[in-house]
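Just below is one structure, and these are the notes that go with it.
Labels below follow one simple rule: chain letters A, B, ... track the order of the sequence lines, proteins then strands, and each chain is numbered from 1. Any value given below was found using the heavy atoms of this structure, including those in side chains, with hydrogens, waters and symmetry copies removed.
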Amino acid sequence: MSGERSGQALRIATWNVNSVTARLPRLNEWLELVEPDVLCLQETKTARFPSDHAEALGYEIAHHGDGRWNGVAILSRVGLEDVSLGFAEQPGYAPEDDETLLAVPKVEARAVGATCGGLRIWSLYVPNGRSLDSPHFPYKLDWLDRFRDVVAGEPRPLVVTGDFNIAPTDDDVWDIKAFRGSTHVTPDERARLSALLELGLTDVVPRPMKYDKPFTYYDYRAGMFHKNMGMRIDLVYASTGITVQDAWIDRDARKGTGPSDHCPVVVDLEL
DNA sequence: ATGTCGTGGACGCCACGA
């Protein structure tokens, strides 16, 4: 499944776990099975990362989480330095339906950066956008605009990875016709991906492992996984100069008891 | 595709987000 990596390779991965607390048994067994050097997590959904097992396996952990929603982390066994919890000018979100309080934007726990074994890496949980007419949609676009400015100033080699909540092309959803009028596929969102590519990043498209499309997310409902009705929204953007040995999606992590609705994406690279 | 999860507050269900 995972193939062989050369001695110089750095194995990085990204995984939206949909609660690290609920996923802890799956996460712990996965760390021992796949042995990533650096693992970026999204939607930890907790203020306190359950770190005991990962630390026993030799990982250092940078976690940015503040409770029930969001939460991102970087686990590294090749060093963890210069941790950034969020980023400069990161926009907040003000709930529009709160008439009792001043609408103070809340900066959410959606980004963490660190330097691991000579690689600068960011774990992102990009705002979902909800619907085209929701205030969350311009928030999503603004958030990505501001993060672009961060990428422009970051050192190389650089990897920006996580749950982008954007399908880069029409082929990255099971049926583009089902997405008419929806978020995740609009030109506005894809323009933000293009803006990252223009800064010298490359979309590392993983091998699909099964079927023809490398989907990373399947809704829990309606048997979407078994019908292969998924989306590629968990992305790995690597700076030019990084050599990719292999990139694959771990569909097995979406099977069995108590899976996340997202699959991990694993990339073996040389800096 | 709308069939399921996860969280936490006030519970043995509901609201919310995805």
Side-chain angles (χ1 to χ4, degrees), chain A residues 14-28 30 40-50 63-73 91-101 103 105-111 123-141 143-144 162-167 170-186 189 211 213 215-235 251-265:
Chain A
T14 185
W15 193 8
N16 179 323
V17 287
N18 186 20
S19 167
V20 70
T21 307
R23 217 64 56 212
L24 198 58
R26 297 293 299 252
L27 172 63
N28 286 339
W30 193 85
C40 294
L41 299 177
Q42 301 85 36
E43 286 206 83
T44 59
K45 291 187 172 178
T46 184
R48 181 178 298 230
F49 194 98
H63 179 232
H64 185 30
D66 58 12
R68 181 178 188 180
W69 306 116
N70 313 308
V72 285
Y93 178 71
E96 76 282 3
D97 55 354
D98 191 337
E99 298 173 359
T100 62
L101 298 170
K106 175 175 168 49
V107 177
E108 300 173 307
R110 293 181 176 275
S123 176
L124 302 185
Y125 178 47
V126 175
N128 177 287
R130 300 186 185 177
S131 63
L132 298 183
D133 59 357
S134 165
H136 240 253
F137 189 68
Y139 167 54
K140 179 181 194 174
L141 300 179
W143 198 96
L144 287 161
D163 179 355
F164 281 70
N165 273 311
I166 304 171
D170 289 356
D171 283 335
D172 290 314
V173 297
W174 76 89
D175 179 5
I176 191 61
K177 295 188 294 296
F179 284 79
R180 199 166 291 263
S182 298
T183 61
H184 291 59
V185 298
T186 65
E189 290 162 292
Y211 305 110
K213 294 183 178 180
F215 296 147
T216 65
Y217 162 80
Y218 302 86
D219 198 293
Y220 284 124
R221 293 169 286 189
M224 300 285 271
F225 179 65
H226 299 288
K227 298 180 202 168
N228 196 36
M229 297 168 74
M231 307 169 70
R232 184 171 76 94
I233 56 177
D234 299 272
L235 309 178
R251 292 185 82 256
D252 290 341
R254 184 62 180 78
K255 303 173 183 173
T257 305
S260 171
D261 43 1
H262 294 252
C263 307
V265 180

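- A donor-acceptor pair is defined here as one N or O able to donate and one able to accept, closer than 3.5 Å; such a pair exists between the side chain of A:Thr216 and the backbone of A:Ile233.
- When rounded to the nearest whole Å, the span between NE2 of A:His226 and P of B:dT2 equals 16 Å.
- Atom pair A:Arg26:CZ and B:dG6:P shows a separation of 11 Å (rounding to whole Å applied).
- Whole-Å rounding puts the A:Glu43 CD to B:dA18 P distance at 7 Å.
- Taking atom C1' in both B:dG12 and B:dT7, the straight-line distance is 16 Å, to the nearest Å.
- The OH atom of A:Tyr218 lies 4.5 Å from the CG atom of A:Asn228; values are rounded to the nearest 0.5 Å.
- Atom CG in A:Leu24 sits roughly 15 Å away from atom C1' in B:dG6 (whole-Å rounding).
- The side chain of A:Arg221 contributes no N or O atom lying less than 4.0 Å from OP1 or OP2 of B:dA18.
- The aromatic rings of A:Tyr93 and A:Tyr139 sit tilted relative to each other, their planes meeting at an angle between 30° and 60°.
- For A:Arg68 and B:dG6, the shortest distance from a side-chain N or O to OP1 or OP2 is not below 4.0 Å.
- Under the 4.5 Å side-chain criterion, counting only non-hydrogen atoms from C-beta, A:Asn18 is not in contact with A:His262.
- Both A:Asp261 and A:Trp174 sit near DNA chain B, but only A:Trp174 has its closest nucleotide nearer the 5' end.
- One can place NE2 of A:His184 at 9 Å from P of B:dA18, the figure rounded to the nearest angstrom.
- In terms of modelled atom types and a separation under 3.5 Å, the side chain of A:Arg254 and the main chain of A:Tyr217 share no donor-acceptor contact.
- Look at the P atom in both B:dG6 and B:dA10: the space between them is 22 Å, to the nearest Å.
- At whole-Å resolution of the value, OH in A:Tyr218 and C1' in B:dT4 are 17 Å apart.
- Here the side chain of A:Arg130 is nearest to one of B:dT2, B:dG6, B:dG17, namely B:dG17.
- Only the C1' atoms considered, B:dA18 is 12 Å distant from B:dT2, to the nearest whole Å.
- Taking atom CG of residue A:Asp163 and atom C1' of nucleotide B:dG6, one finds them 15 Å apart after rounding to whole Å.
- Distance, A:Asn165 CG to B:dG17 C1': 11 Å, rounded to whole Å.
- You'll find that the side chain of A:Met229 is closest to B:dA1, out of B:dA1, B:dT7, B:dA18.
- For A:Lys45 against B:dG8, a side-chain-to-base donor-acceptor contact under 3.5 Å is absent.
- Which of B:dC5, B:dT2, B:dT7 sits closest to the side chain of A:Ser19 comes down to B:dT7.
- Nucleic acid contact for A:Asn18: sugar-phosphate only, since backbone atoms but no base atoms lie under 4.0 Å from a heavy atom of the residue.
- Remark: the backbone N or O of A:Ala253 is paired with a side-chain donor or acceptor of A:Arg26 at under 3.5 angstrom.
- Look at the C1' atom in both B:dG3 and B:dG8: the space between them is 25 Å, to the nearest Å.
- Residue contacts for A:Tyr125: at a heavy-atom cut-off of 4.0 Å it reaches the sugar-phosphate backbone alone, with no base atom in range.
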